*Asks:* 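One structure, as structure tokens, below. Some questions next.
Keep in mind that this is a model prediction, so the values were computed, not measured.
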Amino acid sequence: EAGVAQSPRYKIIEKRQSVAFWCNPISGHATLYWYQQILGQGPKLLIQFQNNGVVDDSQLPKDRFSAERLKGVDSTLKIQPAKLEDSAVYLCASSFRNRGRETQYFGPGTRLLVL
Amino acid sequence: KQEVTQIPAALSVPEGENLVLNCSFTDSAIYNLQWFRQDPGKGLTSLLLIQSSQREQTSGRLNASLDKSSGRSTLYIAASQPGDSATYLCAVGGGTSYGKLTFGQGTILTVHP
């Protein structure tokens with residue numbers, strides 16, 4: 001079974017530039033998550049999708065971050081314009097619920113460095 | 001707002017030692033608690049998931065316990081091996097949506113031969 005795919009794996013940009021990340025979840029997983037993991041910290045949820053609808057985006061900085069999940073499959077996360085403090089690893093995860101249990105499967109992440 | 005704290009931040013042990021990692025959370029209204037492993041440059045791998053109605057889960061040399069009332073969980077690793085070296089993250093599920101996870105900052109474990 002293929003895992004969660006993310007691209008690119010690494011990205012270096014200058015502040016005020018734009019950047020986009022892509023995620024392809026595990027086939028059949030209805031729920032998709034984007035997390036931000038700053039060095040030395042645990043991941044922080046940015047946005048959660050159920051199919052192509054947003055369930056929770058309370059911690060997404062909406063003035064610069066946006067995300068979409070077209071057709072309830074792939075998802076993109078965009079930052080425009082980027083700031084130095086956006087340097088982090090961006091993790092995508094997908095999950096399905098079975099008999100009340102839910103396990104999230106994580107992709108390898110995209111490591112972003114903003115100079 | 002849920003807050004998750006992990007102690008210690010880092011741990012270095014010789015091979016073969018048994019060890020305990022600690023996790024505490026502030027809001028006991030959780031759906032579940034998970035322990036993840038993260039290797040450098042890699043994503044997270046789920047190790048154990050404990051539902052809120054359960055008290056412990058075991059997988060091989062790993063045992064995780066949950067005490068909801070006191071807001072604590074422990075991950076016990078028996079007979080540690082160098083391959084166990086990684087960052088271990090505790091995450092509690094709950095809040096505004098079923099699947100939402102709140103993570104601790106992790107414990108960096110080094111097992112030296």
*Asks:* With a cut-off of 6.0 Å (strictly less than), are more than 12 heavy atoms of other residues, nucleotides or ligands near CZ of A:R111?
*Replies:*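 Open.
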*Asks:* What about B:V4 and B:W35, same hydrophobic cluster or not, with Ile/Leu/Val/Met/Phe/Trp/Tyr joined at side-chain heavy-atom distances under 4.5 Å?
*Replies:*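 In one cluster with B:V4: B:W35, yes.
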*Asks:* Where along residues 54-90 of chain B does a heavy atom come under 4.5 Å of chain A, listed by residue number?
*Replies:*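 Residues in range: B:Q54, B:L89.
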*Asks:* Does some side-chain heavy atom of B:L44 sit less than 4.5 Å from a side-chain heavy atom of A:Y35?
*Replies:*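 Not in contact.
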*Asks:* Under 6.0 Å from the NZ atom of A:K71, do we count more than 12 heavy atoms belonging to anything else shown?
*Replies:*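 Atom NZ in A:K71 is not crowded, with 12 or fewer foreign heavy atoms closer than 6.0 Å.
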*Asks:* Should B:I50 and B:L101 be regarded as members of a common hydrophobic cluster, given that ILVMFWY residues are connected when their side-chain heavy atoms come within less than 4.5 Å of each other, either directly or indirectly?
*Replies:*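 They do not share one cluster, since no chain of ILVMFWY contacts under 4.5 Å joins B:I50 to B:L101.
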*Asks:* With chain B as the partner, which of A:K44, A:Q41, A:Q104 has the greatest number of non-hydrogen pairs under 4.5 Å?
*Replies:*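 Of the options given, most contacts go to A:Q104.
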*Asks:* Hey, what do you get for CD (B:Q38) to CD (A:Q37), rounding to the nearest 0.5 Å?
*Replies:*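 Here the rounded value is 4.0 Å.
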*Asks:* Are A:I13 and A:V89 joined in one hydrophobic group, where the rule is that I, L, V, M, F, W and Y side chains link up if heavy atoms are under 4.5 Å apart?
*Replies:*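 Each belongs to a different hydrophobic cluster.
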*Asks:* Hydrophobic cluster membership, with links at side-chain heavy-atom distances under 4.5 Å among I/L/V/M/F/W/Y: are A:Y10 and A:F21 in one?
*Replies:*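 Different clusters.
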*Asks:* Around atom CG of A:L84, are there more than 12 heavy atoms of other residues, nucleotides or ligands at under 6.0 Å?
*Replies:*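 Result for CG/A:L84: enclosed.
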*Asks:* Tell me the residues of residues 103-113 of chain B whose non-hydrogen atoms fall below 4.5 Å from those of chain A, in number order.
*Replies:*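 The list, in residue order, reads B:F103, B:G104, B:Q105.
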*Asks:* Can you hop from A:L60 to A:L45 via hydrophobic side chains spaced under 4.5 Å?
*Replies:*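 Unlinked, A:L60 and A:L45 end up in two clusters.
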*Asks:* Can you name the closest pair of heavy atoms from B:K100 and A:Q48 and give their distance?
*Replies:*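 That closest heavy-atom pairing would be N-OE1, 4.1 Å.
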*Asks:* If I compare all heavy atoms of B:G43 with all of A:L91, which pair ends up nearest, and what's the gap?
*Replies:*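 Smallest heavy-atom distance, with atoms named: CA-CD2, 4.4 Å.
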*Asks:* Taking A:G109, A:G42, A:P43, A:P108 one by one, which has the highest count of heavy-atom pairs under 4.5 Å against chain B?
*Replies:*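 Max contact count across the listed options: A:P43.
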